[in-house]
Protein chains: 2
Amino acid sequence: MTADLQDFLEDIQRVETFEGFQSATEDLRDLLAISHVVYHWVNSVGERFGAGTYSSEWVDRYLEKDYLRMDPVIFGCFQRFTPVNWKQLDWSSKAAKTFFRDALDYGVGNQGYTIPIRGPNGQFALFTLNHTATDEEWDRLISRIQRDLVVVAHEFNKKALAFEAVDENQTTPTLSPRELSAITHIAKGLSRAQAAAELGISEHTLRVYIESARHKLGALNTTHAVARALSMGVIIV
Amino acid sequence: MTADLQDFLEDIQRVETFEGFQSATEDLRDLLAISHVVYHWVNSVGERFGAGTYSSEWVDRYLEKDYLRMDPVIFGCFQRFTPVNWKQLDWSSKAAKTFFRDALDYGVGNQGYTIPIRGPNGQFALFTLNHTATDEEWDRLISRIQRDLVVVAHEFNKKALAFEAVDENQTTPTLSPRELSAITHIAKGLSRAQAAAELGISEHTLRVYIESARHKLGALNTTHAVARALSMGVIIV
DNA sequence: ATTAGGCTCGCTATTTATGGGGAGGCCATA
DNA sequence: TATGGCCTCCCCATAAATAGCGAGCCTAAT
């Protein structure tokens with residue numbers, strides 16, 4: 001690891017406030033001499049946490065236009081495990097092209113490298129480096145610091161989680177074994193009757209499990225319960 | 001990063017077979033001069049993938065006794081983001097104590113350090129170092145190689161995912177904007193009527209979107225469609 | 001320019017889910 | 001031993017989802 005990134009890692013571990021977190025993104029940007037460094041996450045209920053060097057105009061624009069739903073970076077990272085170079089993504093759709101052009105207009109660089117990070121309870125965060133450069137220049141930079149970035153990204157996420165520690169009070173509900181089986185079968189598309197047959201219990205009993213799981217998950221209906229259980233990582237279908 | 005770990009990283013990237021993956025765990029164990037190195041995951045359908053240096057007797061015992069359900073390492077890691085030193089975990093329950101004693105009898109060391117790794121579709125993997133040592137010796141080793149381990153763990157996971165790459169052929173269906181909005185609202189727990197009101201369309205129209213999305217997703221019912229959309233990463237709730 | 005796909009609405013009928021209520025036994029932990 | 005959580009079953013009434021039919025308009029791509 002380069003000495004300056006090593007120092008940066010020490011620094012970020014001492015960060016105590018959101019302002020410190022924000023200026024850490026700026027420090028890293030300056031250290032790497034690139035256009036932008038951004039960390040953000042979207043949690044299950046659509047609440048956001050983020051810091052970075054994008055202009056507030058671009059952030060507002062992004063939210064206003066609901067770009068979250070068409071941003072290839074989000075989609076690409078959501079389906080992968082490995083960091084992704086923006087050039088590798090699918091920018092072929094019209095919406096993606098419009099989005100990219102708009103981003104450039106708002107001062108976002110043409111090159112990007114994003115590391116997806118996943119945490120407990122379905123947390124999903126993105127750590128992005130962005131710059132204006134040729135493919136060659138960018139690839140050279142990335143391949144040089146690739147590995148260090150994984151560690152840096154994780155340090156950012158660790159800090160972010162520490163700030164949201166209040167959230168950890170929302171402990172993931174503990175479902176009983178039967179509740180888990182029941183909701184898993186429902187999530188797989190079985191009807192109540194089928195799921196009950198599968199578990200060898202009466203449909204009424206199954207209903208009790210689903211209802212109870214639903215209450216524990218704070219869900220409005222069965223479909224919502226399945227959605228919450230999935231995005232909280234309580235069940236895996 | 002120490003030079004030998006650096007070399008090890010180069011090596012693991014050249015691994016092509018499961019046997020190579022397995023011997024990589026052995027190489028790392030020898031390199032660090034510790035008792036065990038283990039990588040394993042449980043995927044979406046409950047299939048397992050794993051490699052490591054635990055004795056097959058212990059692995060069989062673990063599965064037979066269903067220790068997965070009472071292992072504090074699993075529980076602890078599932079709810080955290082950061083790597084965990086086994087000493088920090090809650091071993092107070094009777095089941096946990098029995099489990100720990102049993103593990104020692106099967107040649108598992110008393111010290112452990114486990115890194116949780118999460119991937120797309122709820123993938124959850126664990127990368128573990130294990131050894132017999134005093135707390136001081138162990139803490140010294142861990143704090144020395146802590147950061148490198150994050151990178152190593154991610155390289156292991158990358159390889160493991162590459163072996164399972166067949167799965168990535170499942171092309172994700174493309175939902176239209178309205179279908180996406182509709183199913184997202186349903187996933188948030190709204191009833192059809194509420195979701196329709198939210199989108200400003202008739203309930204019937206909304207129904208058509210849900211049905212159409214359901215067919216594209218190959219789902220048996222609405223709940224199943226939401227589950228599939230979520231785990232395919234088509235929608236984010 | 002034709003086609004394919006998306007968006008919008010309506011109707012009817014059947015099946016399924018939901019939201020309450022109550023009740024007994026079993027096991028572990030406090 | 002008492003409490004709380006889990007597992008199992010039953011009843012009833014209403015609300016909601018499913019499955020099939022048909023039809024029109026608009027936009028984008030071949």
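Keep in mind that this is a model prediction, so the values were computed, not measured. In the text below, chain A, chain B and the rest are named by the order of the sequence lines, each starting its count at 1.
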Whole-Å gap separating P (D:dA16) and CG (A:L220): 13 Å
Distance, rounded to the nearest Å, where B:R207 contributes CZ and D:dA16 contributes P: 12 Å
Integer-rounded Å distance: C:dA17 P and B:L190 CG: 20 Å
Residue A:H204, side-chain atoms from C-beta onward, closest of D:dC7, D:dC10, C:dG10: D:dC10
Minimum-distance pair of heavy atoms, taken over all atoms of B:V226 and B:A187: CG1-CB, 3.6 Å
Protein-nucleotide distance (B:K216, atom NZ; C:dC7, atom P), rounded to Å: 8 Å
B:L129 side, atom CG; B:Y113 side, atom OH - distance, nearest 0.5 Å: 8.5 Å
Gap between atoms CD1 and P, on B:I210 and C:dC7 respectively (whole Å): 12 Å
A:E211 side chain, from C-beta outward: closest of C:dG19, D:dT8, C:dC9: C:dG19
N/O (side chain, B:S176) to phosphate O (OP1/OP2, C:dC7) under 4.0 Å: yes
Phosphate OP1/OP2 of D:dG5: any A:R178 side-chain N/O under 4.0 Å: no
B:Y209 side chain near C:dT8 phosphate (N/O to OP1/OP2, under 4.0 Å): yes
Whole angstrom value for the distance that separates P of C:dC9 from CD of B:E203: 12 Å
Euclidean distance, atom CD1 of residue B:I186 to atom P of D:dA16 [Å, nearest integer]: 12 Å
Position toward the 5' end of DNA chain C (nearest nucleotide), B:L175 or B:L206: B:L175
Phosphate OP1/OP2 of C:dG6: any B:S212 side-chain N/O under 4.0 Å: no
Parallel, tilted or perpendicular: rings of A:W91 and A:F99 (30°, 60°): parallel
Partner of B:Y106 by ring-ring contact (aromatic ring centres under 6.0 Å, His included), out of B:F100, B:Y62, B:W58: B:W58
Ring centroid separation B:F124 to B:W41 under 6.0 Å: no
N or O in side chain of B:S191 less than 4.0 angstrom from D:dA16 OP1/OP2: no
N/O (side chain, B:T205) to phosphate O (OP1/OP2, C:dC7) under 4.0 Å: no
Side chain of A:T222 (C-beta onward), nearest among C:dA17, C:dG19, D:dC10: C:dA17
Interatomic distance, B:R192 CZ vs D:dA15 P [rounded to whole Å]: 16 Å
